[in-house]
Peer 1: 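Mind looking over this structure? Questions follow.
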Amino acid sequence: QTGMFTYDPGFLSTASCQSAITYIDGDKGELLYRGYPIEQLATNCDFMETCHLLLYGNLPNAAGKVEFTHRVTQHTMVNEQMQFFLRGFRRDAHPMAIMTGLVGALSAFYHDSTDITNPEHRDISAIRLIAKMPTLVAMAYKYTVGQPYMYPKNELSYAGNFLHMMFATPCEPYVVNPVIERAMDRIFTLHADHEQNASTSTVRLCGSSGTNPFAAIAAGVACLWGPAHGGANEACLNMLEDIQRMGGISKVGEFMEKVKDKNSGVKLMGFGHRVYKNYDPRAKLMQETCKEVLAELGLENDPLFKLAMALEKIALEDDYFVQRKLYPNVDFYSGIVQRAIGIPVPLFTAVFALARTVGWIAQLNEMIGDPEYKIGRPRQLFTGAVRRDVAPIGQR
Ligand code: SDX
């Protein structure tokens, strides 16, 4: 029994930690951030309110939201030296390779917020990371397309500022479309936290050694990059483009047969989940957001969206998927809506990392703030050789 929840002993023995931040019921397809359903947060709040909720455990009132948002805007710029760090990368470097380096490098600039055992350092590094991730992701993008970096404009919203830094140039401003801005903000909220997923567990394990918060978050960025995790949105978009090139909807049946052939190694990217054995509630909200953005941009007939809807319909009626409880996850539609906004495919996972930073930090700070925590030390079942003596090389 922990709080309002009762767990069977078998589950408790597998749990890696206790947490009060995010609750998932995989069978019901339910996701709560600090008790609030994701559907209500994505509809009635914005990302700044969600950040405040995840970090401090409550939704801010109007004055609290203004104060929190102001604190974040005071840290949106990065040290000018960071641009020289970027110059070390090839222009065609993957944005996640750049982000893994940039986030870790932040610890070289902010010595007044690197002591993870100091609550004030934890709070200011949280604000700095939330504030600087959009700036760093936009810098990684501008570097790969050979355009000058755009400084943040603090009068814009968090999402509006990110879109400005991504798409404005010194020659032309980016005019923020409220529908696109709202969609971007909702994409951040839908990715903000997700209990003990692979990258969050990585951040917790890394931070448990007492390393600085920036290094721990950089470890999370590296883990999220994998195609089985945050990299799935990029892999899903590439999969849809491949099917489109092969002939589109007419080829969906042939593709699904490959997916069901275990020897093919082909997976339906954006489908399935370690915990959800029902529809990922974020996928429903992402599909709605996708429809809104495509309608706003006059792209209702976007072939990839139609292809994704056809794939989902077939999968939800196919025994292979039904028996295995495989449903769309957060990554299935997120790539289509980001592509419509103009975000290039290789940047999708960097956007995921931008949004998940607040969840990583909240989970890290929850662990470090617990006086009972110790350095992580997962145990193994040894299956190797029994003790034996070394023979001289001539006798091997
Ligand atoms: C994220 O943990 C989190 O919370 C992660 C995340 C977050 O917010 O942090 O939600 C974000 O990472 C979402 C997942 C994104 N990944 C993908 O979309 C990649 C495609 N999905 C698969 O790789 C897979 O579904 C995983 C990795 C997500 C889960 O893998 P599991 O644990 O093996 O899934 P499972 O146990 O439910 O699989 C049951 C069966 C297996 O076949 P059998 O051995 O029973 O015959 O379903 C098969 C799997 O091989 N299967 C798939 C499949 N996913 C599982 N078959 C085809 N396509 C798929 N996508």
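In this text the structure is predicted, and so the values were computed from the model without any measurement. Counting convention: from 1, in listed order, for ligands and their atoms alike.
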Peer 1: Is there at least one protein heavy-atom neighbour under 4.0 Å from atom 38 (O) of ligand 1?
Peer 2: no
Peer 1: Using a 3.5 Å cut-off on N or O atoms only, is Leu268 in polar contact with ligand 1?
Peer 2: yes
Peer 1: When rounded to the nearest 0.5 angstrom, what distance separates CD1 in Ile375 from CG in Leu205?
Peer 2: 8.0 Å
Peer 1: Counting only non-hydrogen atoms of the protein, does one fall under 4.0 Å from atom 26 (C) of ligand 1?
Peer 2: no
Peer 1: Is there a heavy atom of Leu326 sitting under 4.0 angstrom from any atom of ligand 1?
Peer 2: yes
Peer 1: Indicate, as side chain, backbone, both or neither, the part of Lys325 found under 4.0 angstrom from ligand 1 when only non-hydrogen atoms are considered.
Peer 2: neither
Peer 1: Tell me whether Lys262 reaches ligand 1 (any heavy atom closer than 4.0 angstrom to a ligand atom).
Peer 2: yes
Peer 1: Output the distance between atom CZ (Phe348) and atom CG (Leu237), rounded to the nearest 0.5 Å.
Peer 2: 4.0 Å
Peer 1: With respect to Asp331, determine whether any N or O atom, backbone or side chain, lies less than 3.5 Å from an N or O atom of ligand 1.
Peer 2: no
Peer 1: Got a protein heavy atom sitting under 4.0 Å from atom 33 (O) of ligand 1?
Peer 2: no
Peer 1: Taking only heavy atoms of Ala228 into account, list the atoms of ligand 1 that are under 4.0 Å away from them.
Peer 2: 12 (O), 14 (C), 15 (C), 16 (N)
Peer 1: Using a 6.0 Å distance limit plus a 45 degree cone around the ring axis, check whether Arg324 lies over the aromatic ring of Tyr320.
Peer 2: yes
Peer 1: Measuring from the heavy atoms of Tyr276, does anything fall under 4.0 Å of ligand 1?
Peer 2: no
Peer 1: Check ligand 1 against Tyr320 and write out every atom of the ligand that is under 4.0 Å from a heavy-atom position of the residue.
Peer 2: 56 (N)
Peer 1: Answer yes or no: is there an ion pair linking Glu296 with Arg182, defined by an N-O contact shorter than 4.0 Å?
Peer 2: no
Peer 1: Does this structure show an ion pair linking Arg245 with Asp242, if we count only N-O contacts that are shorter than 4.0 Å?
Peer 2: yes
Peer 1: For the CZ atom on Arg396, are there more than 12 heavy atoms of other groups (residues, nucleotides or ligands in this structure) within a distance under 6.0 Å?
Peer 2: yes
Peer 1: Can you list the atoms of ligand 1 that are under 4.0 Å from a heavy atom of Gly270?
Peer 2: 17 (C), 18 (O)
Peer 1: Geometry only, no angles: is Asp280 polar-contacting ligand 1 at N/O separations under 3.5 Å?
Peer 2: no
Peer 1: Charged N to carboxylate O under 4.0 angstrom, Lys260 versus Glu257?
Peer 2: yes
Peer 1: What part of Thr200, side chain, backbone, both or neither, has a heavy atom within less than 4.0 angstrom of ligand 1?
Peer 2: neither
Peer 1: Any atom of ligand 1 sitting under 4.0 Å from a heavy atom of Lys260?
Peer 2: no
Peer 1: Looking at ligand 1, does Arg282 have a heavy atom less than 4.0 Å from it?
Peer 2: yes
Peer 1: Heavy-atom distances under 4.0 Å decide this one: backbone, side chain, both or neither, for Tyr327 against ligand 1?
Peer 2: neither
Peer 1: Does the side chain of Asp46 pick up a donor-acceptor pair with the side chain of Thr189 at under 3.5 Å?
Peer 2: no
Peer 1: Does ligand 1 have any atom sitting under 4.0 Å from a heavy atom of Arg356?
Peer 2: yes
Peer 1: Find all atoms of ligand 1 within a distance of less than 4.0 Å from any non-hydrogen atom belonging to Asn197, and give their numbers and elements.
Peer 2: 2 (O), 3 (C), 4 (O), 5 (C), 9 (O)
Peer 1: What are the atoms of ligand 1, with element, lying closer than 4.0 Å to any heavy atom of Val259?
Peer 2: 57 (C)
Peer 1: In this structure, is the centre-to-centre distance between the rings of Tyr158 and Phe188 below 6.0 Å?
Peer 2: yes
Peer 1: Is there a polar contact, in the sense of an N or O pair closer than 3.5 Å, between Phe321 and ligand 1?
Peer 2: no
Peer 1: Suppose we measure from atom 29 (C) of ligand 1 to each protein heavy atom; which comes out shortest, and what is that distance?
Peer 2: Arg274 CD, 3.8 Å
Peer 1: Could you check whether atom CE of Met246 has more than 12 heavy atoms from other residues, nucleotides or ligands sitting under 6.0 Å from it?
Peer 2: yes
Peer 1: Got more than 12 heavy atoms from elsewhere within 6.0 Å of CD, Glu317?
Peer 2: yes
Peer 1: Hey, could you give me the CD1/OG1 distance between Ile124 and Thr114, rounded to the nearest 0.5 Å?
Peer 2: 12.0 Å
Peer 1: Using a 4.0 Å cutoff against the non-hydrogen atoms of Arg324, which atoms of ligand 1 qualify?
Peer 2: 40 (C), 42 (O), 43 (P), 45 (O), 46 (O), 47 (O)
Peer 1: Take atom CZ in Arg90; do more than 12 heavy atoms of anything else shown fall under 6.0 Å from it?
Peer 2: no
